[in-house]
Amino acid sequence: MTLKVYNTLTRKKEVFVPIEKGKVRMYVCGPTVYNYIHIGNARPAVVFDTARRYFEFRGYNVNYVSNFTDVDDRLIHASQERHQSVPEIANQFIKAFLADVGALNVKKATINPRATETMPEIIAFIGKLIDTGFAYAADGDVYYRTRKFKDYGKLSHQSVDDLKSGARIEIGENKEDPLDFALWKAAKPGEIKWASPWGEGRPGWHIECSAMVEKYLGETIDIHAGGTDLVFPHHENEIAQSEALHHCAMAHYWLHNGHIQINNEKMSKSIGNVILVHDLIKKYDPLVVRFFILTVQYRHPINFSDELLNDAVQAFGRLKTVFYNLDHRLKDFAGQTDGFDEKMESYRVRFIEAMDDDFNTANAISVLFDIAKDANIALQSADTKPALLFSYRQILFELSDVLGLKLEDQTESILDSDVEAMIEKREAARRDKQFALADVIRDQLKKAGIVLEDTPQGVRWKRGRE
RNA sequence: GGCGGCAUAGCCAAGCGGUAAGGCGCGGGUCUGCAAAACCCUUAUCCCCGGUUCGAUUCCGGGUGUCGCCUCCA
C-alpha cells in the first residue's frame, strides 16, 4: 500500500517518497498573530495535523515546522490602534492560537519559529539574493526581480505575462517592474524596525518562510502546505526566493487545503461573517469542530452553518456513545483482545486505504462508523465475549486517535455523591416496581444534566444537554 | 480577460468504466415497565446535451449553474 498525495505543482496525485527514509520534513504556513484565529485558519492546522498523525501512524518520524508571522503590516496597524507594542500583541495571540489549536487537539509542532527570531537568517537570505542579482535595493526597500526567475508561475500555473495585468505598484514603491515583490520594507517613522545593510526596516511577508524552511528543515523539504489562497503569490514567491538561491526544489510536494465558507458565502471581514475559533468552541465541543472539518476531503471547500455543525454533533455523538458503551461493558474487564483478529485488521486495512488516498478522511471516518455499527451489534448480545468488545474498543481508539478525535472523555468519569445516591434510589424504586417514582427521579437527573439509560448490565449514565 | 475547483437522495458527503460507501434527518418496526441507546426495514439511476465503449455517475466535447485565485488573506 502506498500513500499518495495531491501535488499542486503537478496537479496530480503522486506516490509519496520521502527524501530520507522513514522521515518527513514538513512546513505549514502559520498565522499572522494579530488577532484570534478564525475557522479558516483552523482548517490547515487540523488537516495537516491529521496528515502528520497519519505519517506517524505509518511509522514516519515527522519534523513539523509551522511559523508565526509576528511582524507585518497588519500587526503594525493593530499596534497603532490599540496602543500596544507589536511584540505584546504577537505574544498575546500566539498564546491564544496555541490554546485554540490545542482545544482542536492539534499536536504541538516540532517547532514554531517566529519571524522576529529569524531576523539574521532573513537578512542573510536577502543579501544573497542581491549578490546573485535576483534582488535589488531601492530607497531602503529591497525587491525581488521576478522576471529573472525563469520558473516563476510554475506552482500557480500562470505565465508571467498573464500575471502582469493584476500586478501594480503602490505609491512610494520603487519597483523596476510591477511584478516584483518586497523582500524588505523600509520602516516609516515610529514603526518597529531592525537594522539591515539597506537601512532600518522589516522583512516582507514571503521571505520569512524561505529563511525558516532553510534554517529548520534544509534546502529541499518533503511537504510544504497551507491554504489554497497561498498558492499565489505567497508560495510562488517562496519558490522564487529559495530556488533562485539553492538551485533545487524547495519542496517535493505542495499541499493546499480548500477554504471554509459561511452559509455558502465567502468568509470575510467586509461581509462580517468571520467566525473565530475562540468563539465557536464556546458553543460547540472543539472535537466536534475537528470532526466536522475532517468529514470533507481537505482540498474541497466546506460550508459552515449551525445546521451542519449540529448534524456533526449528532454524528460524532454516535461514535462517542458506542465507545462509552463499550467501556461500560468493560468496566471490570482487565484482559486482552483475542490477539490477532482478522476483522479488526480488515478495518485497519480499509482505514489505511482511505488515508493513503490523499488523506481521504471522509472515507476513513466511514470506517469508524462501520466499526461502531458492528460493535453495537456485538453490544446487543449479553453473552458477547469481553475480549471481542475489547477488540472493538481498541481498534476504535487506535483509528480515531490517528484522526485526532478523542472518543474518551475524562470529564464524564466523575459523579457527585448526591447524584450517585439518587441513581441508587431510583434503582431501588425500579426493583420495587415503583416506576412513577423512578421516572420522577430520572427526570430530575435529566434536568441536572445526567441522562440515565437502563441496560441489562445495569444503569448507565452520561452527561447530556439540559 | 488568465488559471482552477465543484455540481451525487430532504441535508452533508464518498465513489470515478460494470446500474451508487458513510453520516444527519424523515417514516415504519424490534428491544424496554416507560424511556434512552441500539438494531432491522424504508429514503438516488448521480445538472443538461452530444460522443467513445458491450457498458459511463465515472472518460472526451459542448452547455448551464456555482465557488475560488489572479490585491492582504487559511
Side-chain angles (χ1 to χ4, degrees), chain A residues 8 11 28-32 34 37-48 69 72-74 77 153 156-159 161-168 170 181 205 225-234 236 256-261 264-269 274 291-292 295-303 305 307-319 321-322 324-325 328 350 354 357 360-370 372-381 430 433-436 438-439 442-443 446 451-456 459-462 464:
Chain A
T8 303
R11 288 182 175 163
V28 180
C29 285
T32 299
Y34 71 111
I37 57 164
H38 56 248
I39 54 176
N41 297 294
R43 172 119 94 143
V46 166
V47 300
F48 297 122
T69 299
D72 87 324
D73 290 354
R74 285 174 295 168
H77 290 151
S156 53
H157 302 273
Q158 299 273 337
S159 76
D161 294 321
D162 289 335
L163 289 166
K164 206 174 127 187
S165 60
R168 62 182 181 192
E170 301 285 343
F181 58 90
W205 175 36
T228 184
D229 55 303
L230 296 184
V231 173
F232 188 89
H234 187 54
E236 197 73 73
H256 295 96
N257 64 273
H259 277 190
I260 284 175
Q261 300 178 309
N264 294 312
E265 276 187 309
K266 177 178 175 164
M267 182 169 66
S268 77
K269 268 182 236 165
V274 173
F291 172 83
F292 178 66
T295 54
V296 180
Q297 214 282 339
Y298 76 91
R299 285 186 283 121
H300 298 171
I302 301 189
N303 190 35
S305 71
E307 191 191 349
L308 261 14
L309 247 356
N310 284 324
D311 285 352
V313 169
Q314 292 302 318
F316 188 57
R318 178 175 164 83
L319 256 19
T321 297
V322 67
Y324 182 74
N325 291 351
H328 177 76
R350 284 177 54 208
D357 182 20
N360 194 329
T361 51
N363 278 337
I365 285 172
S366 79
V367 175
L368 258 32
F369 279 105
D370 287 343
K373 169 156 288 189
D374 292 343
N376 274 324
I377 290 169
L379 235 19
Q380 296 224 277
S381 167
R430 288 186 69 222
K433 303 240 185 283
Q434 293 180 28
F435 296 120
D439 290 350
R442 184 168 65 192
D443 286 346
K446 191 175 180 187
V451 177
L452 297 188
E453 297 172 356
D454 300 319
T455 79
V459 66
R460 187 166 73 197
W461 64 271
K462 64 182 180 185

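Quick caveat: nothing in here was measured; it's all calculated off a predicted structure. Keep in mind that the numbers below use all heavy atoms, side chains included, and drop hydrogens, waters and symmetry copies. A note on names: the letters A, B, ... follow the listed sequences, proteins ahead of strands, and every chain is numbered from 1.
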Determine which nucleotide pairs with C59(B), using a 3.5 Å limit on both distances of a Watson-Crick or G-U wobble pair.
G51(B)
Nearest-angstrom distance, C1' atom, A74(B) to A36(B):
41 Å
Sequence neighbours left out, what passes side chain to side chain contact (heavy atoms under 4.5 Å, CB included) with A42(A)? Give chain and number order.
L104(A), V277(A)
Base, sugar-phosphate, or nothing for I260(A), non-hydrogen atoms under 4.0 angstrom?
base
Using only atom types and a distance under 3.5 Å, with no angle test, would you say the side chain of T361(A) pairs donor to acceptor with the backbone of A364(A)?
no
Considering only side-chain heavy atoms of Q261(A), which listed nucleotide, C40(B), G68(B), G22(B), is closest?
G68(B)
Donor-acceptor under 3.5 Å (S381(A) side chain, A378(A) main chain)
no
Quick check against the 3.5 Å criterion: does H300(A) have a side-chain atom that pairs as donor or acceptor with the backbone of N257(A)?
no
Identified pairing partner of U19(B), criterion: Watson-Crick or G-U wobble below 3.5 Å
none
When you compare A14(B) with G22(B), how far apart are their P atoms, in angstrom units rounded to a whole number?
15 Å
The side chain of E307(A) is closest to which nucleotide in this list: A74(B), C11(B), C69(B)?
C11(B)
Could you check which nucleotide pairs with U32(B) in any of the strands shown, counting Watson-Crick or G-U wobble with both distances under 3.5 Å?
none
Measure from NZ on K373(A) to P on A21(B) and round the result to the nearest Å.
13 Å
Which one, G25(B), C11(B), A74(B), comes nearest to the side chain of Q314(A)?
G25(B)
Nucleotide by nucleotide, 5' to 3', does protein get under 4.0 Å of the base (B), only the sugar-phosphate (S), or neither (-) in nucleotides 4-9 of chain B, counting heavy atoms?
S-----
Sugar-phosphate means primed atoms, P, OP1 and OP2; the rest is base. With that split, encode nucleotides 27-37 of chain B 5' to 3' as B, S or - using protein heavy atoms under 4.0 Å.
------BBBBS
Considering only atom C1', compute the distance from A56(B) to G15(B) and round it to an integer number of Å.
13 Å
Between G23(B) and A9(B) - C1' atom distance, rounded Å:
13 Å
About how many Å separate CD of Q261(A) and NZ of K266(A), when rounded to the nearest 0.5 Å?
10.0 Å
Nucleotide nearest D229(A) when distance is taken to its side chain, options A74(B), G23(B), A13(B)
A74(B)
Please report the distance separating the P of G10(B) from the corresponding atom of G68(B), rounded so that it comes out in whole Å.
25 Å
Is D454(A) paired with R430(A) through a side-chain N to carboxylate O contact shorter than 4.0 Å?
yes
Taking the inter-plane angle between the rings of F316(A) and F291(A) on a 0 to 90° scale, is it parallel (under 30°), tilted (30 to 60°) or perpendicular (over 60°)?
tilted
U66(B): pairing nucleotide in any strand, Watson-Crick or G-U under 3.5 angstrom:
G5(B)
D311(A) has an atom CG; how far is it from atom P of G22(B), in whole Å?
17 Å
Base-pairing mate for C24(B) - Watson-Crick or G-U, with both contacts under 3.5 Å:
G10(B)
Nucleotide A21(B), atom P - distance to CG of N363(A) in whole Å
12 Å
Would you classify G30(A) as touching base, sugar-phosphate or nothing, given that sugar-phosphate means primed atoms plus P, OP1 and OP2, and contacts are heavy atoms under 4.0 Å?
nothing
For V296(A) and R350(A), find the nucleotide of RNA chain B closest to each by heavy atoms; which residue's nucleotide sits nearer the 5' end?
V296(A)
Nearest-Å distance for atom pair CG/P, residues L230(A) and C70(B)
10 Å
Please confirm whether the shortest side-chain N or O distance from N360(A) to OP1 or OP2 of G15(B) is below 4.0 Å.
yes
For the P atoms, the ones on C60(B) and on C11(B), what distance do you get once it is rounded to whole angstrom?
28 Å
Pairwise P distance for A20(B) and C24(B), with rounding to whole Å
22 Å
Under a 3.5 Å cutoff, is there a donor and acceptor pairing between the side chains of T455(A) and R460(A)?
no
Report which part of the nucleic acid D370(A) touches: base, sugar-phosphate, or nothing (heavy-atom distance under 4.0 Å, all strands).
sugar-phosphate
Given the P atoms of C41(B) and C48(B), what is the spacing between them in whole Å?
30 Å
When the distance from CG of L308(A) to C1' of G10(B) is rounded to whole Å, what number comes out?
13 Å
Considering only A21(B), A74(B), C40(B), which nucleotide approaches the side chain of S366(A) most closely?
A21(B)
To the nearest angstrom, how far is N303(A) atom CG from U66(B) atom C1'?
12 Å
Could you check which of A74(B), C3(B), A21(B) has an atom nearest any side-chain atom of H38(A)?
A74(B)
F369(A) CZ - C39(B) C1' separation (whole Å)
16 Å
Regarding G227(A), tell me which of base, sugar-phosphate or nothing describes its non-hydrogen contacts under 4.0 Å with the strands shown.
sugar-phosphate
State whether the side chain of Y298(A) and the backbone N or O of H256(A) hold a donor-acceptor pair below 3.5 Å, judged by distance alone.
no
Assess, by modelled atom type and distance only, whether the side chains of N325(A) and H328(A) contain a donor and an acceptor separated by less than 3.5 Å.
no
Side chain of Q158(A) (C-beta onward), nearest among C39(B), C3(B), A74(B)
C3(B)
Check this for me, if you would: do K446(A) and D443(A) make a salt bridge, where the nitrogen-to-carboxylate-oxygen distance has to be below 4.0 angstrom?
no
Once you round to the nearest 0.5 Å, how far does CD of E236(A) lie from OG1 of T8(A)?
11.0 Å
Within the 4.0 Å heavy-atom criterion, would you say K433(A) contacts the bases, only the backbone, or no part of the nucleic acid?
nothing
Between the side chain of R43(A) and the main-chain N/O of G258(A), is any donor-acceptor distance below 3.5 Å?
yes
F292(A) has an atom CZ; how far is it from atom P of C11(B), in whole Å?
15 Å
